[in-house]
2 protein chains.
Amino acid sequence: MISKESIEEKLKDNNYKLTPQRKAIIEALFDCKGHFVTAEEIFIKTMGKYPQTNFSTVYRNLEILEEIDIIHKTSIKDGAAVYELICDDSHHHHIICSKCGKTEIIKFCPLEQMKISIEDKDFTLTGHKFELYGHCNKCKEKETS
Amino acid sequence: MISKESIEEKLKDNNYKLTPQRKAIIEALFDCKGHFVTAEEIFIKTMGKYPQTNFSTVYRNLEILEEIDIIHKTSIKDGAAVYELICDDSHHHHIICSKCGKTEIIKFCPLEQMKISIEDKDFTLTGHKFELYGHCNKCKEKETS
DNA sequence: ATGCATGCAAAGCATTTGCAATCAA
DNA sequence: TTGATTGCAAATGCTTTGCATGCAT
């Protein structure tokens, strides 16, 4: 799937150094696999691994990690952005629990069937976003009880 | 399609008063039909119509208008949110120019074909987002020249 | 007359930045 | 050794809020 080692290698390839803070942030992201989490959550988890880590450092690294396609960034609702480790290289989308951030991967991409119907439009396509939102079963149980 | 009168009626129905500021904001949104625009752009346009309008008032009204489904809110990129008057009642999505905010409506919704393949997932669906991003021809021309 | 709406200024929140000190390579 | 990286604190940008005043109904 993906390993810390492969990420560290990718960082090296892009001329980034391996600081203990950076390693701790990556570990934190690993712990949150399958969930979109805020920078604050990552910061807290990182602090548990390497307490001498600053919030700015977290933000700066999240930016780097996004740039080299190690993590996804999106915003579920207004407010803080959320991040998730990319575990699957192939193009995909997400269904996201808007309560806890849990995600599942959706392999289906609507874009292919679309392309034809966009040709007549006044646009050159550069990107797209397709996200489903819902409540995961765990969160639904909490509601009921 | 949609008229200022119908919006004003909807406001009344929801027990909102018709202040000149509110009217000016609605007019501003009309002027921006077919474009996602920031609160600031709406504020500026509103000031041209009724200069005694405060930025807070704009935000407060955008919130109200979103709540009663008069406008759409989304965020194209990080930073400011963008808003657009809803001109078409039927469910649809958008292709959005990430340079100028221009939009075109896409009637196609991928959700229908999807529903079956989500049934096995651990989720109860509550919402979805499907947006295409690109450059409109006008913005592309500017690039070249 | 009543309470919703506004203006103003201050606060809130997530995120970014400048700069000096530090550390990985 | 040297430039990338960090910590710190301050600044930024967007948005929200409290409160007194004003205005639509």
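Labels below follow one simple rule: chain letters A, B, ... track the order of the sequence lines, proteins then strands, and each chain is numbered from 1.
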Q: Would A:Leu111 and B:Ile118 show up in the same hydrophobic cluster when neighbours are defined by side-chain heavy atoms closer than 4.5 Å?
A: yes
Q: Sugar-phosphate atoms are those with a prime plus P, OP1 and OP2; base atoms are the rest. Using that split, label each nucleotide of nucleotides 3-9 of chain D B, S or - for protein heavy atoms under 4.0 Å, 5' to 3'.
A: BSSBBBB
Q: When you list every nucleotide of DNA chain C with an atom under 4.0 Å from a heavy atom of chain B, which one comes first 5' to 3', and which comes last?
A: C:dG3 to C:dA9
Q: Determine, using ring centers only, whether A:His93 and A:His128 are less than 6.0 Å apart.
A: yes
Q: Please determine whether a side-chain nitrogen of the Lys or Arg among A:Lys49 and A:Asp31 lies less than 4.0 Å from a carboxylate oxygen of the Asp or Glu.
A: yes
Q: Whether B:Lys107 and B:Asp88 form a salt bridge (side-chain N of Lys/Arg under 4.0 Å from carboxylate O of Asp/Glu) is what I want to check.
A: yes
Q: Looking at five pairs on each end of the helix from C:dA1-D:dT25 to C:dA25-D:dT1, what is the angle between the two axes, given to 10 degrees?
A: 40°
Q: One thing to verify: whether A:Lys102 and B:Asp122 come together as a salt bridge, which I'm taking to mean a side-chain N less than 4.0 angstrom from a carboxylate O.
A: yes
Q: Working to the nearest 0.5 angstrom, can you tell me the gap between A:Ile25 CD1 and A:Thr46 OG1?
A: 5.0 Å
Q: Which value, rounded to the nearest 0.5 Å, describes the distance between B:Tyr133 atom OH and B:Ile95 atom CD1?
A: 11.0 Å
Q: Do B:His94 and B:Phe36 make the cut of ring centroids closer than 6.0 angstrom?
A: yes
Q: Within less than 4.0 Å of OP1 or OP2 of D:dT16, is there a side-chain N or O belonging to B:Tyr59?
A: no
Q: Are any of the side-chain nitrogens in B:Asp78 or A:Lys73 under 4.0 Å away from the carboxylate oxygens of its partner?
A: yes
Q: Quick check with a 6.0 Å cut-off and a 45 degree axis cone: is B:Lys129 positioned over the face of A:Phe130's six-membered ring?
A: no
